[in-house]
Amino acid sequence: MEHLRFLEMAVDLSEKALDAGAGGPFGAVIVRDGVVLGSSGNRVFENTDPTSHAEIMAIRDACANANRADLSGATIYSSAEPCPMCMAAIYWARISHVFFANTEEDSLRYGFIDKLILQELRKAPEDRSIKSARIENKHAIEIFEKAREQGFGSRPFKNK
């Protein structure tokens, strides 16, 4: 029953975001041990920021409230299946579970192009509609080496 309550909160936030003109019809709530850590509706228009999706904004809110970037053990409830950007952020935040209402197929059917973006990302960089190419830089690799010495990049994404 808890799942339904938190999912309904996310759906309510999606409607509020839409009705307020703040962004698209998306909402998200992040919970750990039955306590809401963060929540938000989509804020793309309000913030004039294409990264202000509900899940991203909820992650920012939860991290600020928890005073940490690691949300291990938390669950995110979203009004729709997270887009590729949001799903990546969920992995980076180490959120343990995702529950959603509308599917990726529903999003595509209603004009949200998440699936098309995912198809683009699966292509080789040179085959994408936004062309990408590597420019070698020795200093960039040296900084990676320095980061590895400091322990960055050594943690797997699997939550326990």
Side-chain angles (χ1 to χ4, degrees), residues 1-125 128-130 132 147 151-160:
M1 275 321 232
E2 287 270 298
H3 292 312
L4 293 176
R5 179 169 70 97
F6 293 126
L7 185 63
E8 190 61 38
M9 289 171 68
V11 171
D12 288 346
L13 286 168
S14 75
E15 186 172 32
K16 287 178 183 171
L18 181 66
D19 291 348
F26 302 96
V29 176
I30 298 174
V31 178
R32 185 170 44 216
D33 299 325
V35 176
V36 174
L37 296 177
S39 64
S40 185
N42 184 290
R43 296 283 178 258
V44 168
F45 303 142
E46 180 180 289
N47 294 347
T48 58
D49 176 358
T51 68
S52 291
H53 288 198
E55 295 90 344
I56 302 285
M57 299 303 293
I59 288 169
R60 291 174 182 163
D61 188 35
C63 288
N65 291 331
N67 197 32
R68 56 186 297 183
D70 186 328
L71 298 175
S72 295
T75 299
I76 189 166
Y77 297 87
S78 181
S79 62
E81 189 170 358
C83 75
M85 175 182 69
C86 293
M87 201 63 212
I90 289 165
Y91 274 97
W92 281 114
R94 303 189 187 288
I95 292 173
S96 301
H97 296 92
V98 178
F99 293 101
F100 56 88
N102 296 330
T103 67
E104 180 182 66
E105 288 76 23
D106 295 329
S107 293
L108 187 60
R109 191 169 53 251
Y110 284 91
F112 300 99
I113 61 167
D114 304 357
K115 192 169 204 145
L116 301 177
I117 293 171
L118 189 57
Q119 289 170 351
E120 276 287 304
L121 293 174
R122 289 183 175 143
K123 294 177 183 177
R128 296 177 186 154
S129 61
I130 298 175
S132 304
F152 286 93
S154 60
R155 292 179 48 199
F157 281 106
K158 184 174 173 143
N159 284 308
K160 294 183 180 185

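- When all heavy atoms are compared, the tightest approach of A101 to V11 is CB-CG2, 4.4 Å.
- Counting heavy atoms from C-beta on, the side chains of P84 and D114 come closer than 4.5 Å.
- Without hydrogens or angle criteria, R32 side chain to S72 main chain gives a donor-acceptor distance under 3.5 Å.
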| Intermediate values then yes/no, side-chain contact (heavy atoms from CB on, under 4.5 Å), M57 and N47 | CA-CA 11 Å; M57 299 303 293; N47 294 347; 3.6 Å; yes
| side-chain contact (heavy atoms from CB on, under 4.5 Å) between F99 and F6, worked out | CA-CA 9 Å; F99 293 101; F6 293 126; over 6 Å; no
| M9 and V36: CA distance, side-chain angles, deciding distance, side-chain contact (heavy atoms from CB on, under 4.5 Å) verdict | CA-CA 10 Å; M9 289 171 68; V36 174; 3.9 Å; yes
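- Of the charged side-chain nitrogens involved, none lies within less than 4.0 Å of a carboxylate oxygen, so that K16 and D19 do not count as a salt-bridged pair.
- Residues I113 and E120 form no side-chain contact, since every pair of their non-hydrogen atoms from C-beta on lies 4.5 Å or further apart.
- Put simply, CD on E15 and CG on L18 are 7.5 Å apart, with the number rounded to the nearest 0.5 Å.
- Ionic pairing of R5 and E8 is not present here: no N-O contact between side-chain nitrogen and carboxylate oxygen is shorter than 4.0 angstrom.
- I95 contributes atom CD1, which lies 4.0 Å from atom CD1 of I30 (distance to the nearest 0.5 angstrom).
- Side chains of C83 and H53 form a contact here, defined as non-hydrogen atoms less than 4.5 Å apart.
- Taken from CG in N102 to OH in Y110, the straight-line distance is 8.0 Å, to the nearest 0.5 Å.
- Here the closest non-hydrogen pair linking I56 and A89 is CD1-CB, 3.4 Å.
- Closest non-hydrogen pair, F45 versus G24, comes out as CE1-N, 4.3 Å.
- For the pair P25 and S79, the tightest heavy-atom approach, listed with the atom from each and the gap, is O-OG, 3.8 Å.
- Side-chain atoms of D33 never come within 3.5 Å of backbone atoms of V35 as a donor-acceptor pair (strictly under, hydrogens ignored).
- The minimum heavy-atom distance linking A66 with L71 is given by the pair CB-CD2, 4.4 Å.
- Atoms OG and CE, from S78 and M87 in turn, are 10.0 Å apart once rounded to the nearest 0.5 Å.
- Taking CD1 from I130 and CG from L121, the interatomic distance works out to 9.5 Å, rounded to the nearest 0.5 Å.
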| side chain to side chain donor-acceptor pair (under 3.5 Å) between E81 and S107, intermediate numbers included | CA-CA 8 Å; E81 189 170 358; S107 293; over 6 Å; no
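- Rounded to the nearest 0.5 angstrom, I90 CD1 and I76 CD1 are separated by 4.0 Å.
- At least one donor-acceptor pair under 3.5 Å links the side chain of S96 to the backbone N or O of G73.
- Of all non-hydrogen atoms in S14 and G27, the two that sit nearest each other are CB-N, 3.4 Å.
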